[in-house]
Structures are given as structure tokens and as C-alpha cells.
Asks: 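The structure under discussion is supplied below as C-alpha cells; questions concerning it will follow.
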Amino acid sequence: MSSTKYIFVTGGVTSSLGKGIISASLAKLLVARGFSVTIQKLDPYINIDPGTLNPYEHGECYVTDDGAETDLDLGHYERFSNVPTSQANNVTTGRIYQAVIEKERRGDYLGETVQVIPHITDEIKYRIKLLGSKGKFDFVITEIGGTVGDIESLPYIETVRQLRWELGTDCVVVHLTLVPYLSAAGELKTKPTQHSVKMLLESGVQPDIIVCRTERSLNDALRHKIALFCNVAPSSVIESIDAESIYEVPMLMKKEGLDVEVLKKTKISYSQDIDLTQLEDFLYKLKHPKCSVDIALVGKYVELKDAYKSINEALIHASVSNQCKIKIKLIHSEEITKDNIAEKLEGMKAILVAPGFGERGIEGKITAIQYARENKLPFFGICLGMQCAVIEFSRNVLKLEGAHSTEMNPKTHHPVIDIMENQKKISCKGGTMRLGAYPCSLEKGSKAAAIYKKETISERHRHRYEFNDFYLEDFKKNGMIPSGINPEDGLVEIIELKDHPWFIGVQFHPEFKSTVANAHPLFVSFIKAAISCK
Ligand code: GLN
């Protein structure tokens with residue numbers, strides 16, 4: 001392809017319409033046609049990145065190989081397209097302003113008045129084009145966070161206006177809106193869509209394609225009505241009907257011809273060839289499970305749908321691999337006590353203890369792990385979940401009274417989990433954890449090595465605390481072995497119990513690397529253990 005094509009995805013009417021899923025689905029279809037695609041998310045908030053935002057504000061923080069703390073939509077992009085993202089794929093208003101202000105302080109603007117237009121919009125443009133400039137990608141799909149009409153997203157919409165003008169047919173704007181069903185009237189309503197397109201037009205942007213999120217199918221009359229009022233061809237009105245699984249959305253978009261519309265608008269010739277066999281196979285297995293398994297997910301954000309997004313998705317990928325239906329029971333760690341744990345875990349075939357920060361709910365997690373260890377229930381601990389397994393083992397098996405992580409109790413006599421040496425001097429919280437991909441060597445003969453079928457792996461991290469080596473010999477002697485070690489600095493990255501059907505804790509976040517095409521081996525093995533758990 002001669003030049004990179006830029007596709008912008010904006011949203012109207014309301015938030016949570018699924019711009020991320022639509023963007024990821026479009027990417028999936030274009031990749032399946034043999035194009036190289038990357039997706040970028042522009043977030044209008046002033047935080048530099050979502051790393052300092054708590055899950056109540058922003059759901060899960062997704063981590064890339066290069067150590068960027070990013071929006072959870074990047075997780076969808078990777079899971080759908082199987083293409084890794086990076087720091088450049090998520091840009092916030094905070095980062096844009098930070099860059100502009102640094103340039104101003106350096107004197108780069110040579111005495112100019114620094115303004116939203118052109119300085120902020122130029123910086124946004126630079127970040128968008130950076131992904132395309134290396135000629136690596138045929139398509140750069142840029143999702144604009146927020147809803148059209150928000151004060152915060154104005155500079156981004158203005159940038160889209162400028163780029164449309166500059167790029168001509170190398171640029172396509174896809175606008176996602178809502179077509180609500182009013183039960184009292186018994187009708188789908190197009191007015192909110194008309195108004196949101198008008199709002200986009202007020203900023204000088206005419207969308208090329210309108211994707212309509214809806215509960216019920218759009219008929220031809222409605223498609224024509226939207227086309228007429230919004231200045232697009234009826235074929236550019238794409239229905240996005242609610243789906244049972246997000247993984248069906250690429251198929252629905254293919255049926256509606258979203259990818260073909262994009263190819264037509266960017267004047268790219270295309271054939272009928274599109275290879276989606278792998279996704280079709282995934283969906284077939286998802287819809288035709290041969291068994292069912294109940295898994296407990298123990299965490300402190302169970303009321304939030306998005307807090308453990310990647311873990312949920314990785315569990316789904318793994319259950320599909322095992323052709324088994326998974327039912328995830330979310331258990332609030334703050335509500336767990338020694339007296340009710342058996343009741344809470346009744347019927348559960350395995351337990352996963354979630355990552356996290358801070359003291360809240362920690363004792364409940366430890367109690368759940370003790371139950372899993374003693375009752376030989378498959379256990380998977382991720383990051384804080386692994387640290388809790390270490391604390392539980394030291395208190396109840398090694399009899400180290402009051403053992404803890406210094407994150408929760410800085411004065412503990414037995415700091416079995418302690419702050420990393422190079423973290424001690426850090427006072428700024430943003431972007432300073434141990435972040436991104438690190439190598440890990442697996443112990444020969446261990447469960448971890450058998451599961452990965454490799455000697456060295458690479459996994460993504462996001463933490464400040466680690467296993468305290470001082471206690472290592474004691475752990476080994478008593479049956480908890482370090483089966484994964486960082487080859488450069490010796491940090492313990494995986495622990496497992498010898499005398500247990502499946503008890504593994506990992507300091508990293510394997511969930512970030514699980515995709516539809518490559519379900520993560522640890523999750524696949526965990527679900528397998530759950531299926532065979534009596
Ligand atoms: N709070 C722990 C740490 O910082 C674990 C972090 C996590 O679970 N991501 O080390």
C-alpha cells in the first residue's frame with residue numbers, strides 16, 4: 001500500500017457504547033485481509049497515564065511489553081488482533097500538555113504564544129502520525145476517548161478536522177452512536193444519532209461511516225433515514241446489535257461490511273479473501289462447550305465489571321481452549337472469614353486470587369488461599385495473589401508469626417514480601433513501578449516448565465514489592481519452590497507447591513498476554529486442573 005490510512009473512531013450520545021470493541025473488530029477484519037494494523041487510544045483526561053487512577057475511576061490498568069500503563073481498550077486491541085501495542089498506542093491530554101509545556105520551557109517555540117491551536121493540535125497530530133510514519137502499518141485506527149460534545153475532547157475532534165483536510169482519502173471517520181429502543185413507543189429512535197452527528201458537524205467533521213449500537217435490528221427505512229439526515233450513503237450505516245460475547249462483534253461487523261466500507265472510502269482494492277477460520281473455530285467452541293466449570297475469583301473490586309477485565313478474558317480464552325463453559329463467581333475478599341470460607345467456595349472447582357494494592361481485603365485473600373492449599377483446590381495467584389500465597393505459607397506452614405508484606409505492615413518481624421531495593425528511594429508514584437516485560441527462567445522439572453514447555457519466558461510486570469530471598473531456603477525445605485527466577489537479578493517470579501495438584505503464584509501478569517489466537521498456557525492449564533478437580 002502506498003501510504004498509511006488513518007481511521008478515526010469517535011463516539012456520540014453516551015459513553016460505554018463499545019468504541020474499543022468496534023475499533024478492535026475493525027482491526028481484526030483488516031488483519032484477516034492481510035493488512036498491517038495498529039490501534040491507538042487518545043484519552044481526554046489530564047492524568048499522564050491511567051497508572052495512578054484507581055479501578056473505581058478507570059477499570060483495569062493494562063500494561064504493554066514496553067512498560068506503558070495504559071487504557072484497558074489496548075487489552076481488547078491485543079486480544080482481538082494478536083498484535084502487541086506500546087507506549088505510543090495510548091496518549092492522554094496530560095501527556096500532550098506535558099510535552100508542549102516542556103518544549104515551551106526549552107524555548108522551542110521561539111517566543112510564539114503557545115495555544116491550543118496549533119500547538120496542542122500539532123502535538124496530537126504528531127502522536128497520531130508517529131505510528132504511521134515508519135511505514136510499518138497500512139492502517140492506524142485511532143479511537144478518540146469520551147463522547148462528542150465533551151469540552152475535554154474538543155482539541156482531539158479539531159485535530160481530526162485538520163487531518164481530514166490534509167489527508168483526503170487517506171482518512172476515514174467512523175462515528176459510533178446509539179439508536180435506542182423506546183418500549184412505550186415500540187420503536188427504535190434515530191434522533192439521538194442525528195443530534196450527535198450535528199454536534200460533530202459543528203466542529204467541522206463529517207463522519208464517513210455511522211455505526212449504530214442497538215438492541216434491535218435496524219430495518220431499511222431506518223438505515224435510509226439515518227443516511228438522509230447524516231449525509232452518508234445507506235451502505236455506510238452499520239448496525240451494531242448487542243452480542244452475547246464481544247468476540248462475535250468482528251463477525252457481525254463483517255456481515256455489515258464495515259471493513260469493506262473502510263476499504264472503499266480509502267480507495268483500496270480488495271478481494272473476497274478474508275481468513276477468519278481461527279476466530280470461527282473459537283466461537284464454535286465457545287458456543288458448544290462439552291462441560292462446565294465454576295471458578296472463584298477473589299478480589300476487592302468484584303462490584304466493578306472492568307476491574308479484572310484481562311483476567312476475565314484470559315479465563316474465557318482458556319475455557320474455550322478446553323471447550324468448557326466457565327462460570328466465574330466473584331467473591332469479595334473483605335467478606336471472607338475463616339468461618340464462612342467453606343460456604344463461599346462451595347461448588348467451586350478452582351480459585352484465582354486477584355492482583356491489587358493496599359491493605360483492604362488482604363486477610364480474606366489469605367484465608368481463601370489457606371483453604372485452597374489445605375483442601376487441594378487448584379489455586380492461581382496473580383501478583384498480589386502470589387504475594388498472599390507466600391504470606392499464608394509463611395504464617396501457617398513455616399510458623400513465622402505475623403509474617404506479612406511490608407506494603408501492608410512496614411513493621412512486621414517477618415517481611416516475607418518486601419519492597420525492591422531500587423524502589424526504596426522512589427517518592428513519585430506515577431510510572432515508577434517495575435513495569436513491562438522481563439525474562440524469567442523456569443526450573444527444570446517444575447509444573448511451570450511443563451506448562452510453558454519452555455526454559456525462558458517473558459511476562460509483563462506491575463508491582464513494587466517482591467519475594468524476600470532471605471526466607472527462600474526455608475520455603476524450599478517445606479515444599480514451596482521458586483519455579484521461575486529472573487535470570488538477571490535473581491528475583492523470584494513464580495512459586496509453586498510440590499505436594500498439590502495445582503498451586504501456582506506468579507509475580508507477573510500473564511492475563512495481559514492471553515489472546516483469542518493464543519490462550520495463555522497457565523490459564524489453559526489452570527482450567528484443565530479445575531475440570532479434573534473432584
Ligand atoms: N501491591 C503489590 C506490589 O506492588 C502487588 C501489585 C499487583 O498486584 N499488581 O508489589
Side-chain angles (χ1 to χ4, degrees), residues 49-65 67-70 72 75 297-302 304 306-312 314 333-334 351-366 368-369 379-392 394 403-410 412 415-438 440 459-469 471 482 484 486 489 491-495 504-514 522:
D49 58 45
T52 49
L53 286 171
N54 81 43
Y56 288 108
E57 295 283 326
H58 202 261
E60 166 191 275
C61 173
Y62 186 77
V63 180
T64 59
D65 269 336
E69 295 176 283
T70 72
L72 59 80
L297 172 57
V298 178
K300 63 174 175 178
Y301 296 112
V302 295
L304 294 176
D306 283 345
Y308 305 116
K309 191 85 205 154
S310 295
I311 291 179
N312 265 299
S333 53
E334 271 186 301
I351 102 167
L352 191 153
V353 176
F357 295 84
E359 160 95 83
R360 189 164 68 88
I362 197 97
E363 293 303 325
K365 288 184 175 175
I366 294 170
I369 296 169
F379 160 78
F380 193 6
I382 298 181
C383 209
L384 182 65
M386 172 255 197
Q387 297 177 352
C388 288
V390 168
I391 297 166
E392 190 279 318
S394 42
H404 221 321
S405 162
T406 50
E407 178 182 2
M408 324 303 164
N409 178 8
T412 172
V416 287
I417 301 291
D418 201 3
I419 191 144
M420 286 182 233
E421 206 43 51
N422 54 10
Q423 287 281 335
K424 286 186 180 157
K425 289 179 237 71
I426 291 173
S427 57
C428 259
K429 292 276 185 275
T432 54
M433 282 189 250
R434 183 179 183 221
L435 289 166
Y438 285 89
C440 170
E459 293 282 5
R460 301 179 193 172
H461 292 249
R462 182 172 186 250
H463 59 107
R464 287 186 207 280
Y465 295 80
E466 57 163 310
F467 183 94
N468 185 348
D469 254 3
Y471 296 93
N486 181 302
D489 49 25
L491 291 178
V492 173
E493 313 281 36
I494 309 178
I495 51 100
I504 296 180
V506 293
Q507 186 57 80
F508 46 78
H509 291 267
E511 69 275 21
F512 293 148
K513 287 186 73 170
S514 185
L522 279 176

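Residue numbers count from 1 along this sequence. Order of listing sets the numbers, starting from 1, for every ligand and every atom in it.
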Asks: Could you list all the salt bridge (Lys or Arg N to Asp or Glu O under 4.0 Å) pairs where at least one residue sits in residues 428-437, not counting sequence neighbours?
Replies: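 Listed once each, the pairs are Arg434-Glu493.
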Asks: Please determine if Lys513 and Glu459 form a salt bridge, counting it only when a charged side-chain N lies under 4.0 Å from a carboxylate O.
Replies: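 Result for this pair is no, no salt bridge flagged.
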Asks: Please identify each residue that fulfils ring-ring contact (aromatic ring centres under 6.0 Å, His included) with Tyr301, with sequence neighbours left out.
Replies: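 Tyr301 satisfies ring-ring contact (aromatic ring centres under 6.0 Å, His included) with Tyr56 once adjacent residues are dropped.
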Asks: Taking it one step at a time, do Thr70 and Asp49 satisfy side chain to side chain contact (heavy atoms under 4.5 Å, CB included)?
Replies: CA-CA 6 Å; Thr70 72; Asp49 58 45; over 6 Å; no
Asks: In terms of side-chain geometry, is the basic nitrogen of Lys300 or Glu334 positioned less than 4.0 Å from the acidic oxygen of its partner?
Replies: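 Salt bridge flag = no for Glu334 with Lys300.
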Asks: Partners of Glu392 by salt bridge (charged side-chain N to carboxylate O under 4.0 Å, His left out), sequence neighbours excluded?
Replies: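 Glu392: salt bridge (charged side-chain N to carboxylate O under 4.0 Å, His left out) contacts with Arg373.
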Asks: Would you mind listing each N/O atom of ligand 1 next to any protein N/O under 3.5 Å, plus the distance?
Replies:
{"from": "ligand 1", "atom 1": "1 (N)", "to": "Gly356", "atom 2": "O", "distance (Å)": "3.0"}
{"from": "ligand 1", "atom 1": "1 (N)", "to": "Glu407", "atom 2": "OE1", "distance (Å)": "2.6"}
{"from": "ligand 1", "atom 1": "1 (N)", "to": "Glu407", "atom 2": "OE2", "distance (Å)": "3.1"}
{"from": "ligand 1", "atom 1": "4 (O)", "to": "Arg464", "atom 2": "N", "distance (Å)": "2.9"}
{"from": "ligand 1", "atom 1": "8 (O)", "to": "Gly356", "atom 2": "N", "distance (Å)": "2.9"}
{"from": "ligand 1", "atom 1": "8 (O)", "to": "Gly356", "atom 2": "O", "distance (Å)": "3.3"}
{"from": "ligand 1", "atom 1": "8 (O)", "to": "Leu384", "atom 2": "N", "distance (Å)": "3.0"}
{"from": "ligand 1", "atom 1": "9 (N)", "to": "Arg462", "atom 2": "O", "distance (Å)": "2.9"}
{"from": "ligand 1", "atom 1": "9 (N)", "to": "His509", "atom 2": "NE2", "distance (Å)": "3.2"}
{"from": "ligand 1", "atom 1": "10 (O)", "to": "Gln387", "atom 2": "NE2", "distance (Å)": "3.1"}
{"from": "ligand 1", "atom 1": "10 (O)", "to": "Arg464", "atom 2": "N", "distance (Å)": "3.2"}
{"from": "ligand 1", "atom 1": "10 (O)", "to": "Tyr465", "atom 2": "N", "distance (Å)": "2.8"}

